[in-house]
Amino acid sequence: MATKVLIAEDEKNIVGSLSFILKREGYEVSAIFDGGQVIDAVTANPPDIVILDVMLPQTNGFEILKQLRGTPQIAGLPVIVITAKGQAQDRATAANLGADVFMSKPFSNKDIVAEVKRLTESA
């Protein structure tokens, strides 16, 4: 059974690019474009990993990460936080909230695939 990756990102071109490279590597990929729908989607059909943008409509990625880590049945879900705002404060906030990986945009496709592989194979 394929590893399930949920991408929570509002930029369609980034979702398209990530979906393409991850599907090519054999992952099952789904996407959500609105932060307000992430928690419901994760609890209804838990993925094996979440790629989470910080700046999402409705609910930002940091708030989503806080909710994920505070929900016992999904608290251990691996999360890669991605953002166009790569300041040290954002990196620290992501780490404090329990992100497994923090990546600034633009990121390398090779790097994100390597992190997905590392986090899902060690789970």
Side-chain angles (χ1 to χ4, degrees):
M1 200 158 102
T3 300
K4 295 187 295 187
V5 179
L6 174 66
I7 302 169
E9 165 66 68
D10 61 331
E11 293 183 42
K12 289 184 176 24
N13 59 335
I14 292 174
V15 171
S17 170
L18 286 173
S19 294
F20 176 79
I21 62 168
L22 291 167
K23 286 178 181 176
R24 188 177 65 196
E25 294 291 324
Y27 295 100
E28 180 184 316
V29 180
S30 59
I32 293 180
F33 299 94
D34 182 331
Q37 300 170 357
V38 175
I39 298 298
D40 289 341
V42 168
T43 53
N45 185 16
D48 296 298
I49 188 167
V50 175
I51 299 174
L52 179 62
D53 185 26
V54 171
M55 297 189 306
L56 288 168
Q58 303 300 318
T59 308
N60 76 49
F62 290 142
E63 184 56 39
I64 293 164
L65 183 57
K66 191 184 303 180
Q67 290 176 38
L68 288 171
R69 294 302 184 236
T71 306
Q73 65 269 33
I74 53 175
L77 184 66
V79 177
I80 297 174
V81 171
I82 58 174
T83 184
K85 299 177 3 173
Q87 290 99 349
Q89 179 60 44
D90 292 325
R91 186 175 296 277
T93 300
N96 290 337
L97 292 174
D100 294 283
V101 174
F102 181 93
M103 298 181 106
S104 296
K105 296 176 191 174
F107 44 78
S108 150
N109 289 345
K110 187 176 98 178
D111 289 347
I112 204 152
V113 168
E115 290 295 350
V116 168
K117 186 174 290 191
R118 181 181 69 81
L119 291 167
T120 57
E121 289 178 355
S122 66

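The first residue in the sequence is number 1, and the count goes up from there. Hydrogens, waters and symmetry mates are skipped; everything else that's a heavy atom, side chains included, is used.
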Could you grab the distance from atom [atom1] of [X] to atom [atom2] of [Y], nearest 0.5 Å is fine?
| X | Y | atom1 | atom2 | answer |
| --- | --- | --- | --- | --- |
| Q58 | I64 | CD | CD1 | 10.0 Å |
| Q73 | L68 | CD | CG | 10.5 Å |
| L22 | I112 | CG | CD1 | 7.0 Å |
| N96 | Q89 | CG | CD | 8.5 Å |
| I51 | L6 | CD1 | CG | 9.0 Å |
| I49 | I80 | CD1 | CD1 | 4.0 Å |

### Message
Using the side chain to side chain contact (heavy atoms under 4.5 Å, CB included) criterion, which residues pair with Q67? Sequence neighbours excluded.
### Response
I39, T59, E63
### Task
Using the side-chain hydrogen bond (donor to acceptor under 3.5 Å, both in side chains) rule, collect all pairs that involve residues 11-31, keeping only residues at least two apart or in two chains.
none
### Task
Provide the full list of side-chain hydrogen bond (donor to acceptor under 3.5 Å, both in side chains) pairs with a residue in residues 105-115, sequence neighbours left out, each pair given once.
E9-K105, D53-K105, E115-R118
Considering all heavy atoms of both residues, which atom of [X] and which atom of [Y] are nearest to each other, and what is their separation?
| X | Y | answer |
| --- | --- | --- |
| F107 | L18 | CE1-CD2, 3.6 Å |
| D100 | P78 | OD2-CA, 3.1 Å |
| G26 | A2 | O-CB, 3.5 Å |
| D34 | P57 | OD1-O, 3.3 Å |

### Task
May I ask you to decide if L97's main-chain N or O and K66's side chain share a donor-acceptor pair within less than 3.5 Å?
no
#### Entry: Steps toward side chain to side chain contact (heavy atoms under 4.5 Å, CB included) verdict (F62, D90)
CA-CA 9 Å; F62 290 142; D90 292 325; 3.8 Å; yes
Does [X] share a hydrophobic cluster with [Y], counting links as ILVMFWY side-chain heavy atoms below 4.5 Å and allowing steps through other members?
| X | Y | result |
| --- | --- | --- |
| V15 | V116 | yes |
| L119 | L52 | no |
| I7 | L77 | no |
| M103 | V50 | no |
| I74 | V5 | no |

### Message
Going by side-chain contact (heavy atoms from CB on, under 4.5 Å), V54 matches just one of T83, I82, L65. Which one?
### Response
T83
### Query
Is there side-chain contact between P47 and V42, with heavy atoms separated by less than 4.5 Å?
yes
### Query
Does the side chain of F102 come within less than 4.5 Å of T93's, by heavy atoms?
no
